Structure formats: structure tokens, C-alpha cells
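Accompanying notes for the structure given below.
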Amino acid sequence: MLRAGPKEMQNHDNNNQKVYPQPMDESVNQNKDSMETFISKIFNNISSLKGAYIQLQEAHTPYDPDKIQAADKLVIEELMKLSELKHSYRDKNHPKLTSATPQDSRLVAEIQEQQNLLKTYEVMVKKFQSQIQTRDSEIVQLQQQIQESTQRKFKLEKKLKQRGLLSKERDDSEEENNFFSVELTPNLFCSAVDTAYKSIHDFSKPLINMMKAAGWDLDAAANAIEPAVVYASRSHKKYAFESHICQRMFIGFDEESFSVEAGNLSISNEGFFHQFLAVRAMDPLDILSQNPDSVFGRFCRMKYLMVVHPKMEGSFFGNLDQRNYVMSGGHPRTPFYQAFLKLAKSIWMLHRLAYSFDPKVRVFQVRNGSEFSEVHMESVVKNIVLGEGDQRPKVGLMVMPGFMIGASVIQSQVYLSGVRCAE
């Protein structure tokens with residue numbers, strides 16, 4: 001029997017040898033994980049660079065050379081790190097990426113990125129807090145300067161008037177152009193009353209129009225406000241809606257806080273007058289944009305929810321999104337809400353002005369069914385006809401309250417029930 005040669009035995013062994021597959025997929029996954037980790041480090045570096053850049057911006061306001069130098073150094077360091085990552089990728093050399101498992105490295109990179117983002121937000125919060133404190137300090141200083149300037153002005157005018165060097169009459173154009181030229185007089189308050197009444201009338205127009213568009217029965221709605229009123233004309237039922245607006249807007253007017261929670265702050269007469277002057281020429285939406293949760297902002301929010309019923313708003317817009325937005329502390333920029341803000345501003349200014357006087361202006365209301373008095377009341381309908389034998393008419397609706405400035409009376413505006421009107 002022939003013995004197999006070495007070559008034949010080698011071939012036989014090769015044929016019997018088991019072949020194991022190479023872990024090619026594992027190698028590919030490791031490369032993929034390494035690349036994902038590398039990308040995570042790039043994002044981490046970019047986040048750090050963004051945080052360093054914000055610190056550099058913050059160092060410029062207020063200008064601080066030391067902080068600028070430190071922040072600039074930090075920006076350069078982050079740029080150098082980014083450059084190193086670029087070179088390592090170009091040379092296909094990733095020693096830092098293989099120091100641990102790819103999963104661990106990627107997790108560490110994500111944690112570092114979140115930490116850098118947190119540092120960025122902390123820097124931004126500190127910056128905003130600093131800006132708020134600076135603005136608050138500036139406001140306090142400006143208010144003190146205004147008060148001091150006003151007091152000096154009053155003293156100088158008093159001395160000049162005593163010496164006969166200052167005329168008591170002022171030019172109207174001068175009053176419009178000079179903040180401090182506005183004098184606290186009964187005529188100024190009468191003008192504010194007229195503006196407030198006009199704003200009630202102006203807001204009732206879009207309110208009634210939207211009720212019509214939503215399919216409301218205006219006759220039934222007017223009777224629901226005050227069922228006992230006998231109208232001389234169907235068009236006069238608009239005064240029921242004006243009365244509804246007036247009643248709710250003037251709730252709390254006789255309180256110094258106007259039913260708005262403002263802490264235990266005590267405001268002087270001059271302080272109320274300064275508030276009146278401050279908002280007099282400003283758009284109400286601009287005021288709320290600066291401080292949505294101010295006392296004026298809370299007043300607008302409270303009164304809107306009182307004047308506009310949820311069912312009414314739901315029929316207008318098909319939802320209560322605007323109401324929910326107001327309740328959450330916002331002030332929407334919708335035409336309807338902006339129309340309401342004009343009304344709110346006029347009533348707010350009237351309240352500020354009423355408490356500017358010493359003693360303060362007193363407000364009085366007229367109950368429905370009261371006998372008409374020409375001393376304290378004025379009819380909103382001017383062409384009424386009263387016969388000689390007719391009884392004195394009764395008040396059906398109060399559409400604007402009256403006021404007393406010392407001994408002077410500003411008449412309440414009322415709608416008289418059951419009277420006849422001239423053609």
C-alpha cells in the first residue's frame with residue numbers, strides 16, 4: 001500500500017479544516033458608531049463655541065475689558081478644538097474616539113453637549129436678569145426725577161403767579177407739546193369723562209355688529225339687560241349695550257386699587273397724576289408689550305373677561321382661544337381686543353385722574369327707575385317731548401355715571417324710559 005506524500009496529506013488536512021466566517025458586520029458597526037461619536041463631538045464643540053460667543057457679547061454690555069479678554073480667549077480655544085477635530089478627520093486618526101467603546105464615547109459627548117447648552121441658557125438668563133434690574137433702576141430714577149421736577153415746577157409757578165409774572169391761561173398748542181404743561185383742572189377731568197363716554201359708545205359698535213353677524217336676537221339681548229325699559233325707538237336699544245359695558249367697566253372705580261391686586265402700595269395724588277400723564281399719549285398695546293402683567297395689564301385682562309361673556313365670544317369666533325389666551329396672561333393683537341384696549345385705557349386714565357385731585361373726585365350712579373333730575377342727570381336722547389301734564393320721566397338705563405369735583409357736578413348720562421321723541 002502506497003503511503004501518501006506530504007503534499008497529499010496537506011491537501012487532506014486543508015479539506016477537513018473548518019472555516020469560520022469573519023465578523024465583517026461588527027467592524028462596519030464599529031466604524032459607524034465611531035463616526036456618530038465624532039459628529040457628536042463636533043456638535044458639542046459648536047455648542048461650547050456658541051456659549052463662549054454669548055459670554056463675549058455679554059462682556060460688551062456693560063463694557064468690561066477683563067471679561068472681554070477672558071471670553072475672547074475662550075472663543076479661540078473652542079476654535080482650536082474645532083480645528084483639531086478637522087485635522088483628525090482629515091488624517092483618519094481618531095485616538096480620542098477609540099479610548100472607550102463607541103457607545104460610551106457618544107453618550108459622554110451628548111452629556112457634554114447638554115451641559116454646554118445649559119451653560120448657554122444660564123448665561124442668557126443672567127443677562128436678561130441684569131437687563132431687567134438695570135431697567136427697573138432706570139425707571140425708579142426717572143420717576144424720582146419726574147416727581148422732583150414737577151415739584152420744582154409747581155413751586156416756581158406758584159411764586160411767579162404770586163408776583164404776577166405768569167399768566168393763568170395757557171396756549172392749547174403748548175399744552176399738547178409739553179409733558180409738564182398739562183394742569184390738573186376740572187376742565188381736564190371733564191374732557192376725560194367725555195373721552196371715556198365716547199370710548200364706550202365706540203366699543204359698543206363692533207360689539208353689536210358682531211352680535212348681528214353671529215345671529216343674535218338683539219331685541220331679546222337688550223331686554224335681558226334691562227327688561228323694564230320702554231324704548232321710544234328700536235334703534236335706541238343700542239343704549240342697553242352701552243349700559244352693559246359701562247356697568248362692568250366702572251365696577252371698583254370708587255376704590256383706589258380699582259379692584260386690581262397691586263400689593264400694599266400707597267400712591268400719592270401726584271403719583272396718580274404722573275401715571276395719567278405717562279399713558280396719556282401712548283398706544284395701549286405698546287404699554288402692554290412693555291409689561292403685560294403690569295397693574296394696567298391686569299386691569300385690562302380683568303375687565304375684558306367681565307365685559308365679554310364666554311357665550312358671546314364663542315359665537316363671535318367659533319371658539320374660546322382668545323379668552324383662554326387672555327386668561328393665561330396674554331394680550332392678543334386681534335382687532336376686537338385692540339378696540340377693547342382703547343376703551344380700557346380711557347376708563348383707566350379717568351380713574352387715575354380722579355385720584356389725582358385732593359380731595360378725590362367722587363363717582364355716583366343712578367339706579368334704573370329713579371326720577372329724572374336735571375341737576376344730576378342728562379338725557380342721551382336730546383329730542384324728547386314732555387307734555388305739561390306728564391309725570392317726570394323715569395330713568396331706564398344709566399349709560400355713564402356722574403361725578404362730583406368738590407361742589408361741581410358732572411351729570412350722569414341716562415336713557416329715559418317711556419318718553420316720546422320729536423320727529
Side-chain angles (χ1 to χ4, degrees), residues 132 135-136 139-140 142-143 146-147 184 189 192-193 195-197 199-200 202-203 207 243-310 312-313 320 322-334 336-365 398 400-403:
I132 291 173
R135 296 292 185 272
D136 289 342
I139 290 172
V140 172
L142 290 172
Q143 287 177 340
I146 290 174
Q147 189 170 2
L184 183 61
F189 188 81
V193 171
T195 301
Y197 176 54
S199 68
I200 292 174
D202 291 344
F203 180 70
L207 187 70
S243 176
H244 167 82
I245 296 170
C246 169
Q247 294 284 356
R248 281 152 181 77
M249 290 302 297
F250 277 91
I251 292 176
F253 190 90
D254 55 345
E255 301 174 12
E256 184 175 318
S257 64
F258 213 155
S259 298
V260 181
E261 183 62 35
N264 296 323
L265 296 177
S266 179
I267 306 176
S268 63
N269 301 107
E270 292 81 6
F272 276 108
F273 191 51
H274 291 161
Q275 291 183 15
F276 167 81
L277 294 174
V279 302
R280 186 168 180 247
M282 292 185 66
D283 184 272
L285 199 59
D286 292 338
I287 301 172
L288 297 177
S289 299
Q290 297 175 8
N291 190 354
D293 201 38
S294 63
V295 179
F296 176 65
R298 295 197 294 273
F299 169 80
C300 294
R301 190 179 305 128
M302 175 186 68
K303 291 300 182 181
Y304 176 82
L305 299 176
M306 292 176 63
V307 171
V308 184
H309 193 274
M312 184 182 293
E313 184 172 330
L320 297 178
Q322 179 166 283
R323 188 178 196 85
N324 294 333
Y325 184 68
V326 173
M327 292 177 66
S328 65
H331 297 282
R333 293 178 174 269
T334 60
F336 183 71
Y337 192 75
Q338 291 187 49
F340 170 77
L341 289 181
K342 293 180 180 179
L343 164 66
K345 177 192 170 185
S346 66
I347 305 297
W348 174 262
M349 288 179 57
L350 187 64
H351 179 268
R352 302 290 101 174
L353 198 56
Y355 278 81
S356 301
F357 288 85
D358 186 17
K360 69 176 183 180
V361 176
R362 290 179 294 166
V363 59
F364 66 89
Q365 300 192 25
M398 185 195 72
M400 186 68 183
F403 303 90

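These numbers come from a predicted model, not from an experiment. Positions are given from 1 along the sequence.
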Has the side chain of [X] got a donor or acceptor atom that lies under 3.5 Å from a matching backbone atom of [Y]?
{"X": "His331", "Y": "Pro292", "result": "yes"}
{"X": "Asp286", "Y": "Met282", "result": "no"}
{"X": "Arg352", "Y": "Phe272", "result": "no"}
{"X": "Arg362", "Y": "Phe403", "result": "no"}
{"X": "Lys303", "Y": "Ile251", "result": "yes"}
{"X": "Ser243", "Y": "Met398", "result": "yes"}
{"X": "Tyr355", "Y": "Asp254", "result": "yes"}
{"X": "Lys345", "Y": "Asp283", "result": "no"}
{"X": "His351", "Y": "Glu255", "result": "yes"}
{"X": "Asp293", "Y": "Gly329", "result": "no"}

Value rounded to 0.5 Å, distance of [atom1] in [X] from [atom2] in [Y]:
{"X": "Ser356", "Y": "Phe189", "atom1": "OG", "atom2": "CZ", "value": "9.5 Å"}
{"X": "Arg248", "Y": "Leu305", "atom1": "CZ", "atom2": "CG", "value": "13.0 Å"}
{"X": "Asp202", "Y": "Tyr197", "atom1": "CG", "atom2": "OH", "value": "10.5 Å"}
{"X": "Arg301", "Y": "Ser328", "atom1": "CZ", "atom2": "OG", "value": "8.0 Å"}
{"X": "Leu288", "Y": "Phe296", "atom1": "CG", "atom2": "CZ", "value": "5.5 Å"}
{"X": "Ser199", "Y": "Leu350", "atom1": "OG", "atom2": "CG", "value": "9.0 Å"}

With a 4.5 Å limit on heavy-atom distance, are the side chains of [X] and [Y] in contact?
{"X": "Phe336", "Y": "Gln322", "value": "yes"}
{"X": "Leu207", "Y": "Ile245", "value": "yes"}
{"X": "Cys300", "Y": "Pro284", "value": "no"}
{"X": "Leu343", "Y": "Ile200", "value": "yes"}
{"X": "Val279", "Y": "Met349", "value": "yes"}
{"X": "Ile132", "Y": "Arg135", "value": "no"}
{"X": "Gln247", "Y": "Gln365", "value": "yes"}
{"X": "Phe276", "Y": "Leu184", "value": "no"}

Original post:
Do the side-chain N and O atoms of Tyr304 and Glu313 include a donor-acceptor pair separated by under 3.5 angstrom?
Top reply: yes
Q.
Checking side-chain polar atoms at under 3.5 Å, does Arg333 have a donor or acceptor matched by the opposite partner on Ser289?
A. yes
### Task
Measure up the Phe258 and Trp348 rings against each other and bin them: parallel (under 30°), tilted (30 to 60°), perpendicular (over 60°).
parallel
(Q) Can you classify the ring geometry of Phe250 versus Phe253 as parallel (below 30°), tilted (30 to 60°) or perpendicular (above 60°)? (A) tilted
What closest approach, in Å, do [X] and [Y] show between heavy atoms, and which atom pair accounts for it?
{"X": "Met302", "Y": "Val260", "answer": "CE-CG2, 3.9 Å"}
{"X": "Gln275", "Y": "Ile267", "answer": "NE2-CD1, 3.5 Å"}
{"X": "Pro332", "Y": "Val326", "answer": "CD-CG2, 3.6 Å"}

Neighbour count above 12 (heavy atom, 6.0 Å) for Met306 CE: yes
